[in-house]
Participant: 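Dropping the structure in here first, questions after.
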Amino acid sequence: MQRLQNDLSLIRHLLVTDPAEAREISFTVGSYIRSLWPLGRSAAAEFAFAERQRTEARRLEKQQTQNALMNEYYRYIGAIPPAVVHFAQNDLLALRQKLESGAGGSVSELQHQISEITQQAEQKAADWKRQKIQSHKKADLASRLEEVQASVQQEKIEDQQAAKEFLARLESLQNDLAGGTCSVEAAEQEISQIETQVDDVLITEEVRRQTVRSIVKQLRSQDFMVSAPTVIKNDSGSFVCITAKKPSGKRAECQIDLKGKIRYKFDKYEGMTCLKDIERFNVDLDKIYSVKLSDERVLWSNPDRLSKDADQMPTGSTERRHL
């Protein structure tokens with residue numbers, strides 16, 4: 001409980017300074033909290049016999065007050081913790097039978113024998129506790145694995161390749177944990193890493209959706225008629241395509257991929273008039289919608305003149321990455 005109190009205090013502090021670290025600590029807290037209940041139930045069952053042994057010992061102690069050696073025996077085992085008594089019950093029973101037969105020896109010899117029995121029982125209790133905690137941790141991890149798998153399957157992850165990879169890693173980890181080829185500690189680290197990566201993918205996709213909404217609003221504010229965004233998939237992944245046009249025929253097209261790259265094109269403009277719309281598009285996205293753009297690469301193309309006096313209609317295509 002002291003450890004829990006300390007961890008909760010640390011989490012409250014980290015929620016302000018380092019939320020990611022707070023989340024990692026919360027995973028550990030959740031793991032050992034879940035292990036307390038089954039451990040307590042197991043202990044209650046395992047130690048029931050030990051408690052009955054102690055009760056019986058007290059009753060016999062009252063009945064055999066004349067026997068100083070037996071009084072010493074019960075005095076010693078009465079000070080032993082119930083968990084230790086449980087693992088020492090056979091040796092203590094044998095020692096009691098020896099004392100009742102009159103072959104117990106001196107008080108100092110009795111004290112030495114009980115001390116040896118207690119040390120051995122304490123080691124057995126420690127081994128039992130360690131095995132039970134490890135077993136409960138495995139069960140908790142298996143449950144946590146299933147929760148993460150269900151989460152990945154239920155979340156609408158647009159990057160289906162990434163979702164398949166997450167599920168494959170979780171299935172592999174599940175098999176390794178069941179087969180005993182993966183330690184509990186390594187499995188916990190792997191699960192935490194997968195959860196973090198799933199969160200990153202979901203956050204990235206949500207950022208893209210917000211970016212799409214911002215671009216649609218900005219184009220409409222520039223008097224474009226915007227068609228419904230569409231998701232287009234190809235061999236390299238998927239991207240959202242936004243197409244907009246003005247009654248005059250001027251057109252704008254934007255593409256946003258999962259990695260945050262934004263490619264947009266303004267065409268059907270006369271001369272260099274598209275520069276004005278492009279400049280407003282860039283500035284307003286940043287100032288109004290906080291869409292930060294970097295790594296700009298601008299491509300200009302001019303169609304061949306159809307005649308000597310034909311109007312030149314350049315096309316401005318800009319590729320930028322959203323941060």
Side-chain angles (χ1 to χ4, degrees), residues 1-11 24-63 70-100 110-148 173-174 176-192:
M1 295 304 295
Q2 182 62 45
R3 177 186 176 189
L4 175 59
Q5 185 177 10
N6 293 339
D7 286 346
L8 290 177
S9 297
L10 180 57
I11 288 172
E24 294 299 323
I25 295 175
S26 72
F27 291 157
T28 303
V29 170
S31 177
Y32 69 68
I33 284 179
R34 287 193 294 269
S35 71
L36 290 177
W37 288 108
L39 179 63
R41 288 193 294 270
S42 298
E46 294 283 345
F47 303 154
F49 180 84
E51 189 59 31
R52 290 196 298 271
Q53 176 82 355
R54 283 162 57 85
T55 302
E56 177 67 7
R58 294 192 190 97
R59 187 183 66 82
L60 291 177
E61 183 178 11
K62 293 179 181 178
Q63 293 178 351
M70 288 299 297
N71 283 341
E72 288 298 315
Y73 167 81
Y74 289 117
R75 184 173 67 84
Y76 288 141
I77 69 169
I80 301 173
V84 178
V85 171
H86 167 71
F87 291 99
Q89 59 184 339
N90 292 333
D91 292 334
L92 289 174
L93 180 60
L95 178 58
R96 191 185 73 179
Q97 291 172 346
K98 182 179 178 181
L99 293 174
E100 290 174 345
L110 174 63
Q111 184 178 6
H112 177 70
Q113 291 173 355
I114 290 181
S115 177
E116 287 187 341
I117 291 173
T118 302
Q119 290 178 6
Q120 295 173 1
E122 286 174 344
Q123 183 60 50
K124 291 178 182 177
D127 293 341
W128 176 88
K129 181 180 178 181
R130 185 167 47 252
Q131 292 172 0
K132 285 294 182 181
I133 290 176
Q134 196 75 0
S135 174
H136 293 320
K137 279 187 176 181
K138 263 193 163 183
D140 291 339
L141 276 178
S143 176
R144 185 175 166 190
L145 267 171
E146 292 177 357
E147 290 174 1
V148 177
L173 185 59
Q174 198 172 37
D176 291 344
L177 196 61
T181 58
C182 177
S183 68
V184 172
E185 291 74 17
E188 285 179 334
Q189 292 179 359
E190 178 69 8
I191 293 175
S192 297

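Numbers here simply count residues along the sequence, with the first being 1.
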Participant: Nearest 0.5 Å, please: how far is CD in Q111 from CZ in R75?
Facilitator: 7.5 Å
Participant: Once rounded to the nearest 0.5 Å, what's the spacing between atom CD1 of I25 and atom CG of L8?
Facilitator: 10.0 Å
Participant: Does a salt bridge link R54 with E51, judged by any charged N lying under 4.0 Å from a carboxylate O?
Facilitator: yes
Participant: What's the separation between atom CD1 in I114 and atom CD1 in I77, rounded to the nearest 0.5 Å?
Facilitator: 7.0 Å
Participant: Are R3 and T28 close enough that some pair of their side-chain heavy atoms sits under 4.5 Å apart?
Facilitator: yes
Participant: Compile the donor-acceptor pairs under 3.5 Å between side chains in residues 120-127 and protein atoms, sequence neighbours left out, one pair per line.
Facilitator:
from, atom 1, to, atom 2, distance (Å)
Q123, NE2, D127, OD1, 3.0
D127, OD1, R130, NH2, 2.4

Participant: Mind checking whether I117 and I80 have side chains closer than 4.5 Å, heavy atoms only?
Facilitator: no
Participant: Between Y73 and L92, what is the shortest heavy-atom contact and its length?
Facilitator: OH-O, 2.7 Å
Participant: Return the minimal non-hydrogen interatomic distance between D7 and Y32, and the atom names on each side.
Facilitator: OD2-OH, 2.6 Å
Participant: Backbone N or O of F27 within a donor-acceptor pair of the S31 side chain at under 3.5 Å?
Facilitator: no
Participant: Applying side-chain contact (heavy atoms from CB on, under 4.5 Å), run through Y76 and T118 and close with a yes or a no.
Facilitator: CA-CA 10 Å; Y76 288 141; T118 302; over 6 Å; no
Participant: Applying side-chain contact (heavy atoms from CB on, under 4.5 Å), run through R144 and S192 and close with a yes or a no.
Facilitator: CA-CA 10 Å; R144 185 175 166 190; S192 297; 3.1 Å; yes
Participant: Identify the two heavy atoms, one from L141 and one from A187, that lie closest to each other, and give their separation to 0.1 Å.
Facilitator: CD1-CB, 3.8 Å
Participant: Can K129 and K132 be said to form a side-chain contact (heavy atoms from CB on, under 4.5 Å), step by step?
Facilitator: CA-CA 5 Å; K129 181 180 178 181; K132 285 294 182 181; 5.8 Å; no
Participant: Working to the nearest 0.5 angstrom, can you tell me the gap between L4 CG and I33 CD1?
Facilitator: 4.5 Å
Participant: Taking ring-ring contact (aromatic ring centres under 6.0 Å, His included) as the test, write out the residues that go with H86, two or more places apart.
Facilitator: F47
Participant: I would like to know whether R34 and S143 meet side-chain contact (heavy atoms from CB on, under 4.5 Å); could you show each step before the answer?
Facilitator: CA-CA 11 Å; R34 287 193 294 269; S143 176; over 6 Å; no
Participant: When rounded to the nearest 0.5 angstrom, what is the spacing between CG in D140 and CD in E147?
Facilitator: 9.5 Å
